[in-house]
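Since the structure is predicted, the reported quantities are computational estimates derived from the model, not experimental observations. Residue numbering restarts at 1 for every chain, and letters A, B, ... go by the order of the sequence lines.
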There are 2 protein chains.
Amino acid sequence: MSGKTVLIVDDEPAIREMITVALEMADYICIEAADAREAHALIVDRQPDIILLDWMLPGTSGIELARRLKKEETTAEIPIIMLTAKVEEDNKIRGLEVGADDYITKPFSPRELIARLKAVLRRATPPGIDVPIEVDGLTLDPSSHRVTVNDSALNIGPTEYRLLQFFMTHQERVYTRSQLLDQVWGGNVYVEERTVDVHIRRLRKALGERHDYLIQTVRGAGYRFSDRPA
Amino acid sequence: MSGKTVLIVDDEPAIREMITVALEMADYICIEAADAREAHALIVDRQPDIILLDWMLPGTSGIELARRLKKEETTAEIPIIMLTAKVEEDNKIRGLEVGADDYITKPFSPRELIARLKAVLRRATPPGIDVPIEVDGLTLDPSSHRVTVNDSALNIGPTEYRLLQFFMTHQERVYTRSQLLDQVWGGNVYVEERTVDVHIRRLRKALGERHDYLIQTVRGAGYRFSDRPA
DNA sequence: CGGGACTGTCACACAGCTGTAACACTTAGG
DNA sequence: CCTAAGTGTTACAGCTGTGTGACAGTCCCG
């Protein structure tokens, strides 16, 4: 299972739909945007793992959006695959110039798309994703799928693990219950928002009094992971 | 929840009503005006996030109003969607010419209206909405939902947070209690105006003596946020 | 099949936030 | 000065949002 979130940016609904269907079959989570603004809003809100970006867009062009994304610190790391309608060497060059990680010319087969996607994700997946994250004695090691507090392993369920991993890779930022459901549970499930509270609780309990301060409640907003006291 | 305020300008009460019902279901706050004059008054007073403007109006036409709004600095930023009765290419062109952001031809479905509305609002929302704001040592960071004074966190409730955020993104301008209730509390609540005073008080207290000068009382008018002493 | 682990939901407890009223104070204008 | 209107300040009762424990259903593995 991949569970990676893919943002598809194309002004043509039919194309978005086609890609979505293909990718969801391959177990990706898809979100769609029709133009650059919509795309930007979704990027901020959902933080996709990769972006499929059409070359031609109404308003701000795909190229322009790519350039901007690569400039902003919070989005620069997200890999981008450009979609171009024609085989124009120019596009390729300019696309890669502004920071796109790969490009595909339409029409393309789902097979090809997924292959490229995997390749880019593998390549872009920084050596950092497998590196253990450590905060104040709390360590999460993705490669061994293990969580320890001062070297003593702690026993948490899969959901708590994903939740903690998400938090530790997204520190210092508040996430609403809804966003957490999207990011940790995966967009298409329907669960009560209060369920998040329960898993937060379980996680805190597992962390123990010495470390539960790391998961902070922001009343009226959501939760935040930070080693800096509230 | 959106909570955005939509001003509907149309001389036909039935149409206004229809739109209002549709939009309120989608969680927008609606205010209505029958002509240009009424519209202008509401724009100044309520500062809607977007305006639905009928092409044909008694007295000053919709086009004329749009033109004026785009000229005035305080209203130029408010997006406008023109409503036209017939499919006349002319209207489209002239409407966009004077600065409308989109147009819809009647009749239209609520679905379509809301879709356009969202698109325009998203387009109009600057991507920089998440950057921290800093004034004289006071920092508000929307992404972490944190407020600090010289790096020491200060503890304020959700309402004070929204109030402060509104002020910091709208500095140097005086807002009446009524306007603040609209903007910070969200139009449809009914609360005593004096409630604003209390929250202002709480905010000032939290800011401390060193910084409470930032929130200034304008006797007989309302409050203003400014780093320039009164 | 049986048992254990995990999940989502609910009900209840509780802390913190909110709106209001009441009272104290300040300002403007006679 | 004196008055009235406008604003500052405080206390408090009610409410909302969050913490918490229990529980039943589900899935997986032996």
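- Residues A/Glu172 and B/Arg146 are paired through a salt bridge, judged by an N-O separation under 4.0 Å between the basic side chain and the carboxylate.
- Between B/Arg204 and the phosphate of D/dT9, there is no side-chain N or O to OP1/OP2 separation shorter than 4.0 Å.
- Using modelled atom types, one side-chain atom of B/Glu134 and one backbone atom of B/Gly137 make a donor-acceptor pair closer than 3.5 Å.
- Rounded to a whole Å, the CG atom of A/Asp197 is 14 Å from the C1' atom of C/dA11.
- The CD1 atom of B/Ile215 sits 14 Å away from the C1' atom of D/dG8 (whole-angstrom rounding).
- Annotation: side chain of B/Leu69 is in contact with side chain of B/Ile51 (closest heavy-atom distance under 4.5 Å).
- If you measure from atom CD of B/Glu209 to atom P of D/dT9, you get 10 Å, rounded to the nearest angstrom.
- Nucleotide C/dC6 holds its P atom 14 Å from the CG atom of A/Leu203, rounded to whole Å.
- Remark: the A/Gln183 side chain and the A/His170 side chain contain no N/O donor-acceptor pair separated by less than 3.5 Å.
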Using atom names, set out every protein N or O paired with an N or O of nucleotides 28-30 of chain D below 3.5 Å, distance rounded to 0.1 Å.
none

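- At distances below 3.5 Å, at least one donor-acceptor pair connects side-chain atoms of B/Gln216 with backbone N or O atoms of B/Ser226.
- No donor-acceptor pair closer than 3.5 Å links the side chain of A/Arg16 to the backbone N or O of A/Ile8.
- Of the candidates A/Ile81, A/Asp49, A/Leu113, A/Leu23, A/Val6 forms a side-chain contact (heavy atoms from CB on, under 4.5 Å) with just one, namely A/Leu23.
- Nucleic acid contact for B/Val218: sugar-phosphate only, since backbone atoms but no base atoms lie under 4.0 Å from a heavy atom of the residue.
- D/dT7 atom P lies 14 Å from atom CD of B/Gln216, rounded to whole Å.
- A perpendicular orientation is assigned to the rings of B/Trp185 and B/His199, their planes being inclined by more than 60° (bins at 30° and 60°).
- Residue B/Tyr223 is in sugar-phosphate contact alone, with no base atom involved, counting any heavy-atom pair closer than 4.0 Å across all strands shown.
- Aromatic ring pairs are classed by plane angle as parallel below 30°, tilted from 30° to 60° and perpendicular above 60°; the pair A/Tyr161 and A/His145 is parallel.
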Report summary line: 5' to 3', nucleotides 16-27 of chain C under a 4.0 Å protein heavy-atom cut-off (B base, S sugar-phosphate only, - none) gives -SBBBB----BB
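- The CG atom of A/Leu163 sits 13 Å away from the C1' atom of C/dT7 (whole-angstrom rounding).
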